[in-house]
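Just so it is clear: chains get the letters A, B, ... in the order the sequence lines come, proteins before strands, and each one is counted from 1. Computed from a prediction, not measured in an experiment: that's the story for all the values here.
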Amino acid sequence: MRLDRPALEVAPDLLGAVLTVGEVSLRLTEVEAYEGEADPASHAWRGITARNAVMYGPAGRLYVYVSYGIHSCVNIVCDDEGRASAVLLRAGEVVAGEECVRGRRGSVPYRRLASGPGNLGSALGLTAADSGLVIDGVRASLVGGPAGEVRTGPRVGVSRAADVPWRFWLAADPTVSTYTRSPRA
DNA sequence: CTTTTGATCGTCT
DNA sequence: GACGATCAAAAGC
């Protein structure tokens, strides 16, 4: 799959694709696009910093950051070097390495093993220390796959630019996150 | 089913 | 010093 194009184009193509990190494989079911410095909801909105530098690098790397001091959220970096474009992975179905994921996530229902960005990061065993990991088939790989009916809607959990429909998910897939936005937003 | 709240800390102002 | 690209548990219907 070609990743060297804008996140907005890559995001829907990632649905149905299988991402493998170590011994765990996920079929992606829910993603969100974050499109460069012009996107007020993106970490790159105020320009390059030590944390988001990976977003400015070449496509095909993982950008991992800590959310709320607790969770690791995983992005796939897109577009050409110099452009801060990335797709946040929000949910997936565990298709390999379930035993390994159980060790990290415990006894939760199968569909919730990697449902929600924090849970997905935990399922893959990634932390901020893994940010910049290259998807080159060694420790991480990505293979395109068939997607069913794709739906779009506003992004979740952001307080700025929440009106653009840059969230993509597979209709009727039970692993799609059920997160509801905090009322104070 | 829905709404509310505490946990917890790196990052940027 | 304030604020999150969040989650789970608890309490209210």
Side-chain angles (χ1 to χ4, degrees), chain A residues 3 6-12 14-15 19 21 26 28-57 59 61-79 83-94 101-133 151-169 172 174-185:
Chain A
L3 296 174
L8 202 46
E9 291 181 23
V10 174
L14 284 174
L15 296 176
L19 173 70
V21 176
L26 293 183
L28 302 176
T29 59
E30 181 185 359
V31 300
E32 278 176 4
Y34 286 85
E35 204 51 282
E37 296 184 348
D39 180 0
S42 170
H43 285 171
W45 184 40
R46 293 186 173 92
I48 191 167
T49 67
R51 176 177 64 158
N52 66 24
V54 176
M55 293 179 78
Y56 286 80
R61 292 181 177 173
L62 296 183
Y63 166 51
V64 187
Y65 70 92
V66 178
S67 179
Y68 289 86
I70 311 169
H71 302 108
S72 296
C73 296
V74 183
N75 297 251
I76 293 178
V77 176
C78 300
D79 217 332
R83 293 178 183 274
S85 186
V87 177
L88 170 69
L89 308 181
R90 290 195 54 88
E93 178 187 2
V94 177
V101 175
R102 289 276 173 204
R104 297 164 178 156
R105 297 271 301 122
S107 302
V108 298
Y110 173 74
R111 66 168 170 271
R112 287 203 192 167
L113 283 172
S115 180
N119 292 333
L120 184 148
S122 171
L124 291 177
L126 293 170
T127 69
D130 297 303
S131 195
L133 181 64
R151 295 275 241 273
T152 69
R155 293 179 291 190
V156 175
V158 296
S159 53
R160 287 180 277 263
D163 51 328
V164 289
W166 289 356
R167 174 179 178 234
F168 302 85
W169 70 94
T175 64
V176 171
S177 70
T178 58
Y179 181 81
T180 52
R181 189 179 316 204
S182 175
R184 61 178 189 266

List the residues meeting side-chain contact (heavy atoms from CB on, under 4.5 Å) with A:Asn119, not counting sequence neighbours, and say none if there are none. A:Arg105
Suppose we screen for side-chain contact (heavy atoms from CB on, under 4.5 Å). Which residues come up paired with A:Val176, at least two apart in sequence or across chains?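 Per chain and number, A:Val176 pairs via side-chain contact (heavy atoms from CB on, under 4.5 Å) with A:Thr29, A:Glu30, A:Arg167, A:Trp169, A:Asp173.
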Less than 4.5 Å apart, side chain to side chain, heavy atoms only: is that true for [X] and [Y]?
{"X": "A:Arg155", "Y": "A:Val164", "value": "yes"}
{"X": "A:Val64", "Y": "A:Thr127", "value": "no"}
{"X": "A:Phe168", "Y": "A:Leu8", "value": "yes"}
{"X": "A:Leu124", "Y": "A:Leu19", "value": "yes"}
{"X": "A:Ile76", "Y": "A:Leu62", "value": "yes"}

Roughly how many Å is it from [atom1] in [X] to [atom2] in [N], rounded to a whole number?
{"X": "A:Tyr65", "N": "C:dA5", "atom1": "OH", "atom2": "P", "result": "6 Å"}
{"X": "A:Arg112", "N": "C:dC7", "atom1": "CZ", "atom2": "P", "result": "11 Å"}
{"X": "A:Arg90", "N": "C:dT6", "atom1": "CZ", "atom2": "C1'", "result": "9 Å"}
{"X": "A:Trp45", "N": "C:dA5", "atom1": "CH2", "atom2": "P", "result": "11 Å"}
{"X": "A:Leu120", "N": "C:dT6", "atom1": "CG", "atom2": "P", "result": "13 Å"}
{"X": "A:Arg105", "N": "C:dT6", "atom1": "CZ", "atom2": "C1'", "result": "12 Å"}

Side-chain N or O of A:Ser159 versus OP1/OP2 of C:dG4: is the shortest distance under 4.0 Å? yes
Using only side-chain N and O atoms of A:Arg46, determine if any of them is under 4.0 Å from OP1 or OP2 of B:dT13.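 Result: yes.
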Among C:dA8, C:dA5, C:dT6, which is the nearest nucleotide to the side chain of A:Val158?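 Of the candidates, C:dA5 comes closest.
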Choosing from C:dA8, C:dT6, C:dA5, which nucleotide comes nearest the side chain of A:His71?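 For the A:His71 side chain, the nearest candidate turns out to be C:dT6.
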Answer with base, sugar-phosphate or nothing: what part of the nucleic acid does A:Asn75 contact at a heavy-atom distance below 4.0 Å?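 The answer is base, as A:Asn75 lies within the cut-off (heavy atoms under 4.0 Å) of a base atom.
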Using a heavy-atom cut-off of 4.0 Å across all strands, would you classify A:Arg167 as base, sugar-phosphate, or nothing?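 It contacts nothing in the nucleic acid.
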Any residue meeting salt bridge (Lys or Arg N to Asp or Glu O under 4.0 Å) with A:Arg61, in chain and number order, not counting sequence neighbours: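 A:Arg61: no salt bridge (Lys or Arg N to Asp or Glu O under 4.0 Å) contacts found.
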Considering residues at least two apart in sequence or located in another chain, which fulfil the salt bridge (Lys or Arg N to Asp or Glu O under 4.0 Å) criterion with A:Arg102? A:Glu98
Under the rule of Watson-Crick or G-U wobble with both distances under 3.5 Å, where | means paired to another strand and [ ] a crossing pair, DNA chain C maps to ||||.|||||||.
Starting at the 5' end of DNA chain C and moving along, which residue's nearest nucleotide shows up first, A:Val108 or A:Ala86?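 In this pair, the answer is A:Ala86.
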Taking N or O atoms only and anything under 3.5 Å, show me the protein contacts with nucleotides 8-11 of chain B, one pair per line.
from	atom 1	to	atom 2	distance (Å)
B:dT8	O2	A:Tyr68	O	2.7

